[in-house]
2 protein chains.
Amino acid sequence: MAKPSKENSPITEHLAYLLAQANREINRQLELRLSKEGVPVEQWRILKVLSDGNGHSMGELAGAVLLNHPTLTKMIDRMVSDTLVYRVQDPNDRRKVLMFISDRGKVLCKKLNSLAVDQEEHILESYGDKSTSELKRLLENLIDSSN
Amino acid sequence: MAKPSKENSPITEHLAYLLAQANREINRQLELRLSKEGVPVEQWRILKVLSDGNGHSMGELAGAVLLNHPTLTKMIDRMVSDTLVYRVQDPNDRRKVLMFISDRGKVLCKKLNSLAVDQEEHILESYGDKSTSELKRLLENLIDSSN
DNA sequence: TTGAAAATATTGAATATTCAAGAATTGAAG
DNA sequence: CTTCAATTCTTGAATATTCAATATTTTCAA
């Protein structure tokens, strides 16, 4: 009897693959909803983080919304053109730029939040309340243990 | 006392966000290992799927390795240049192209598999055996329930 | 205080991905 | 049969992302 070796196990059994697959699917669904407002998922993330009303530096934002620094800069450029957010130089550290959400951004963010909540509720229905919260817990732990 | 409304919950509590964050982190780690052989994660996936020795059509492959069709075509072009894989027209349906792994591809795939297994073992150590298998199970269910 | 190193954000060129259109083949209805 | 729609893959142009280099400001040690 051959020993079961991980090297030969199908890709569908790798955690990295399962995460990628699940992420792709859930993200696709969310994308579909947000496209009603013509906004990519990343912009929703940005608006949501900024909607606490505080100024957030680019570096901080990049980490929070899971984007590389230059990618974020260019996305913010577009959002500034659309007057959803605006830049202010940090008075305490002039290397930094603080990002703020505009009134127009707040209005859009509300609409997007409700579309996103729609999706979460759809997941709860088909996947179950218990599984969902258990999955969230495990993901949080995984993220913590990876730092 | 204000009602706790999902619309205002921080982004870190959304399943879509947790999945994206976990995926990004685990993928980053895997990327780091595979970079030892100078191979992107997607190419490892392709080689792994093809390493069953059978021919796989482009459409089938695209689904299995989580890539859009045109993106896969261009990645396969590179891998053909590197003689890791090769194309054969499907004799039963000449619209299709069957992809096969080459001997060189097989050798590379073995090295990559062992790097990937290293990572899985590293996760098992820091995150735990039980959590990992439970997380995998939940992810599989989520994926199933999304179809 | 000054000068070198570190931190922060942006830019431009190189790469990669995506969208829409095209080419080839098959299926199937009339 | 034949023609028209559907399937499969590729291509080219438009977009987006990334890498490396740059500019600015701050920090901190000498």
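Throughout, a chain's letter reflects where its sequence line sits, starting with A, and its residues are numbered from 1. Values below: all heavy atoms of this structure, side chains included; hydrogens, waters and symmetry mates excluded.
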Kindly give the heavy-atom pair with the smallest separation between B/Phe100 and B/Asn54, and that separation in Å. CE2-C, 3.7 Å
Tell me whether the OP1 or OP2 atom of [N] has a side-chain N or O from [X] closer than 4.0 Å.
| X | N | result |
| --- | --- | --- |
| A/Arg94 | C/dA7 | no |
| A/Ser57 | C/dA9 | yes |
| A/Thr71 | D/dT18 | yes |
| B/Arg87 | D/dT10 | yes |
| B/Asn68 | C/dT17 | no |

Can you tell me the distance, in whole Å, between the [atom1] atom of [X] and the [atom2] atom of [N]?
| X | N | atom1 | atom2 | result |
| --- | --- | --- | --- | --- |
| B/Met75 | D/dT10 | CE | C1' | 16 Å |
| A/Lys96 | D/dT26 | NZ | C1' | 10 Å |
| A/Arg24 | C/dT17 | CZ | P | 12 Å |
| B/Glu60 | D/dT7 | CD | P | 17 Å |
| A/Leu98 | C/dA9 | CG | P | 8 Å |
| A/Leu61 | C/dT8 | CG | P | 14 Å |
| B/Ile76 | D/dT10 | CD1 | P | 9 Å |
| A/Met79 | C/dT10 | CE | C1' | 18 Å |

Which residue lies toward the 5' end of DNA chain D, A/Gln89 or B/Pro70, if each is placed at its nearest nucleotide? B/Pro70
Contact nearer the 5' end of DNA chain D, comparing B/His56 with A/Asp90: B/His56
Could you check whether [X] pairs with [Y] (Lys NZ or Arg NE/NH1/NH2 to Asp/Glu carboxylate O, under 4.0 Å)?
| X | Y | value |
| --- | --- | --- |
| A/Glu140 | A/Arg137 | no |
| A/Glu120 | A/Lys136 | yes |
| B/Arg87 | B/Asp77 | yes |

Is there a donor N/O on one and an acceptor N/O on the other, under 3.5 Å, for the side chain of B/Lys74 and the base of C/dT15? no
Is there, by distance only and without an angle test, a donor paired with an acceptor across the side chain of B/Arg95 and the base of D/dT7 below 3.5 Å? yes
Note, B/Met99 side chain near B/Val88 side chain (heavy atom, < 4.5 Å): no
